[in-house]
A.B. asks: 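The structure's right below; bear with me while I get my questions together.
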Amino acid sequence: TMCTMNHPLEKGLLITVEGIDGSGKDTIARAMATELERQGQTVFDLDAWSKTRGALPSLEDTADAQVIFFSEPSYVWIGAAIRQELIRKGTDYSVRTIAEAFSLDRLILFTRFILPLRALGKTIIQQRHVSTSLIYQPLQDKNWTVEAAAALPGNALEIKEAPDLLVIASCD
């Protein structure tokens, strides 16, 4: 059971759910959102909104929501290119190319949307985080380091804006 999140904050709460593919990240993150809805909070599903409209929403589109739910990579623009092409099985893009795309997607998401929403006091539930890139990408290419991944602009920004709560899903 989650605690009620109706306390005042200087900035919104950022909750990140991490784990390997198939570990239950989506189930955990959506259960959090569902519980907050049950407690009377309005949840804005950025993923669903973006999939149907092909863009990120404006801050005004989320004005009535207390909770924002989203996944990395996004489902539009660079995130869509990552999902549809760069990480698709059978492609041969370099780790650096993929790392730069993830970083740019994060930079746009955080600059345009997540940081302003946190400043407005919104609770953000994020599925995946820069920690995935810091772990997976150096494992895929011995010449690509954690330091190189962390230095990319979007990654550096997300590291600076660390989550208030990190949930790591685990499975056998």
Side-chain angles (χ1 to χ4, degrees), residues 1-9 11-53 56-57 61-62 64-76 78-80 82-84 86-89 98-99 101-103 105-110 112-140 146 149-150 154-155 157-172:
T1 304
M2 275 185 63
C3 63
T4 303
M5 290 190 201
N6 59 4
H7 49 56
L9 294 170
K11 65 179 183 177
L13 188 66
L14 177 60
I15 302 168
T16 299
V17 182
E18 260 298 4
I20 63 171
D21 291 346
S23 63
K25 292 178 305 299
D26 186 60
T27 302
I28 293 167
R30 290 191 186 277
M32 288 179 180
T34 299
E35 175 60 20
L36 291 171
E37 275 185 317
R38 190 192 66 71
Q39 293 179 19
Q41 299 204 25
T42 304
V43 175
F44 183 91
D45 187 331
L46 172 62
D47 296 346
W49 196 97
S50 295
K51 285 178 189 178
T52 60
R53 291 169 178 85
L56 289 176
D61 292 321
T62 66
D64 294 335
Q66 293 87 31
V67 179
I68 310 298
F69 175 90
F70 82 102
S71 302
E72 284 191 5
S74 67
Y75 284 88
V76 296
I78 291 107
I82 292 168
R83 290 177 182 276
Q84 294 168 16
L86 294 176
I87 60 174
R88 183 175 50 85
K89 289 196 187 304
I98 293 167
F102 270 99
S103 176
D105 188 54
R106 286 185 183 108
L107 184 64
I108 292 168
L109 274 169
F110 269 72
R112 180 180 170 144
F113 202 65
I114 302 306
L115 295 179
L117 288 172
R118 283 192 81 190
L120 292 171
K122 308 282 185 177
T123 296
I124 314 287
I125 301 174
Q126 173 183 13
Q127 193 181 164
R128 286 243 189 248
H129 184 259
V130 67
S131 53
T132 299
S133 291
L134 299 178
I135 294 168
Y136 283 166
Q137 291 162 356
L139 289 174
Q140 294 171 341
V146 170
N155 294 352
L157 176 61
E158 197 166 303
I159 290 167
K160 181 181 167 216
E161 295 295 327
D164 300 294
L165 173 65
L166 173 63
V167 177
I168 301 175
S170 175
C171 65
D172 293 336

A.B. asks: With sequence neighbours excluded, what pairs up with R30 under the salt bridge (Lys or Arg N to Asp or Glu O under 4.0 Å) test?
C.D. replies: D26, D45
A.B. asks: Determine whether L56 and I108 make a side-chain contact, defined as any pair of heavy atoms from C-beta on separated by less than 4.5 Å.
C.D. replies: yes
A.B. asks: P163 versus I15: any side-chain heavy-atom pair under 4.5 Å?
C.D. replies: no
A.B. asks: First locate atom CD1 of I78, then atom CG of L109, and finally report the distance between them rounded to the nearest 0.5 Å.
C.D. replies: 9.0 Å
A.B. asks: Between R112 and P116, which heavy-atom pair has the shortest distance, and what is it?
C.D. replies: O-CG, 3.8 Å
A.B. asks: Rounded to the nearest 0.5 Å, what separates atom NZ in K11 from atom CD in E161?
C.D. replies: 5.0 Å
A.B. asks: Could I get the full list of side-chain hydrogen bond (donor to acceptor under 3.5 Å, both in side chains) partners for T16, not counting sequence neighbours?
C.D. replies: Q126
A.B. asks: With D64, which residues qualify under side-chain hydrogen bond (donor to acceptor under 3.5 Å, both in side chains), at least two apart?
C.D. replies: none
A.B. asks: Under a 4.5 Å cut-off applied to non-hydrogen side-chain atoms, are T62 and L120 in contact?
C.D. replies: no
A.B. asks: Is there side-chain contact between P57 and S50, with at least one heavy-atom pair below 4.5 Å?
C.D. replies: yes
A.B. asks: Among residues at least two apart in sequence or on other chains, which ones pass side-chain contact (heavy atoms from CB on, under 4.5 Å) with R53?
C.D. replies: W49
A.B. asks: Could you list the residues that satisfy side-chain contact (heavy atoms from CB on, under 4.5 Å) with P73, not counting sequence neighbours?
C.D. replies: I82, R83, F102, D105
A.B. asks: Taking all non-hydrogen atoms of both residues, which atom of L86 and which atom of A101 are closest, and how far apart?
C.D. replies: CD1-CB, 3.4 Å
A.B. asks: Please name the pair of heavy atoms, one in D21 and one in Y136, separated by the smallest distance, quoted to 0.1 Å.
C.D. replies: N-OH, 4.0 Å
A.B. asks: Decide whether T132 and E18 meet the rule of one side-chain donor and one side-chain acceptor closer than 3.5 Å.
C.D. replies: yes
A.B. asks: Looking only at heavy atoms, which two atoms of R128 and I20 are closest? And how far apart?
C.D. replies: NH2-C, 4.2 Å
A.B. asks: Below 4.5 Å, heavy atoms only, C-beta onward: do L157 and R106 meet side chain to side chain?
C.D. replies: no
A.B. asks: Considering non-hydrogen atoms only, spot the tightest contact between V130 and E72 and give its length.
C.D. replies: N-OE1, 4.0 Å
A.B. asks: Taking side-chain contact (heavy atoms from CB on, under 4.5 Å) as the test, write out the residues that go with I124, two or more places apart.
C.D. replies: L14, I68, F70, I114, L117, R118, K122
A.B. asks: Of all residues at least two apart in sequence or in a different chain, which pass the side-chain contact (heavy atoms from CB on, under 4.5 Å) check with T34?
C.D. replies: none
A.B. asks: Between S103 and G154, is there a donor-acceptor pair closer than 3.5 Å when you use the side chain of the first and the backbone of the second?
C.D. replies: yes
A.B. asks: Nearest heavy-atom pair of S133 and N155: which atoms, and what distance?
C.D. replies: CB-ND2, 4.5 Å
A.B. asks: Can you measure from CZ (R38) to CD (E35) and round to the nearest 0.5 angstrom?
C.D. replies: 4.0 Å
A.B. asks: State which residues pass side-chain hydrogen bond (donor to acceptor under 3.5 Å, both in side chains) with S71; sequence neighbours excluded, sorted by chain then number.
C.D. replies: D47, Q127
